[in-house]
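Heads up, the thing below is written out as structure tokens.
One is the number of the first residue; the rest follow in order along the sequence.
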Amino acid sequence: MIMLKPPKIMMINADSGTVCQITYNGQVWEHSQMWQVMVYYHQLMASYQHDVNSAEALQLSQDSILDAASTSSIIPDSPCCDYAPSSMEPN
């Protein structure tokens with residue numbers, strides 16, 4: 001399962017005053033105005049929720065494909081877990 005971390009806000013004391021830093025998925029955004037930080041944060045939370053839902057859907061899809069392949073009778077007389085199509089078998 002893919003583990004994603006949600007966006008994180010940190011307050012940083014800089015020479016010019018307090019700056020908010022938001023990190024998500026290896027990227028960093030900085031802004032000195034709190035309203036702008038909250039806009040960034042809400043946009044990144046929406047992106048995070050989309051990424052989490054997409055990762056879960058992908059995992060479910062992959063699991064479904066593997067489950068279907070393991071119980072498939074399309075390849076007769078094949079040993080368990082042999083998913084190679086007949087075109088790949090040696091002549």
Given Q36, M34, H31, the one that forms side-chain contact (heavy atoms from CB on, under 4.5 Å) with C20: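 For C20, the side-chain contact (heavy atoms from CB on, under 4.5 Å) check succeeds only for M34.
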Within the structure provided, determine whether V28 and Q21 are in side-chain contact (heavy-atom separation under 4.5 Å).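 Of all side-chain heavy-atom pairs linking Q21 with V28, at least one is under 4.5 Å.
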Residues forming a side-chain hydrogen bond (donor to acceptor under 3.5 Å, both in side chains) with D51, sequence neighbours excluded: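 Scan of D51 (side-chain hydrogen bond (donor to acceptor under 3.5 Å, both in side chains), adjacent residues dropped) gives Y24.
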Checking Q33 now: which residues fulfil side-chain hydrogen bond (donor to acceptor under 3.5 Å, both in side chains) with it, not counting sequence neighbours?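 Partners of Q33 under the side-chain hydrogen bond (donor to acceptor under 3.5 Å, both in side chains) test: W35.
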Is there a path of hydrophobic side-chain contacts, each under 4.5 Å between heavy atoms of I/L/V/M/F/W/Y residues, joining I22 to V52?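 Linked, V52 and I22 end up in one cluster.
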Shared ILVMFWY cluster between I9 and M45, side chains joined below 4.5 angstrom?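 Hydrophobic grouping puts I9 with M45.
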Could you grab the distance from atom [atom1] of [X] to atom [atom2] of [Y], nearest 0.5 Å is fine?
X   : Y   : atom1 : atom2 : answer
H42 : S47 : NE2   : OG    : 14.5 Å
L44 : H50 : CG    : NE2   : 14.0 Å
Y41 : W29 : OH    : CH2   : 13.0 Å

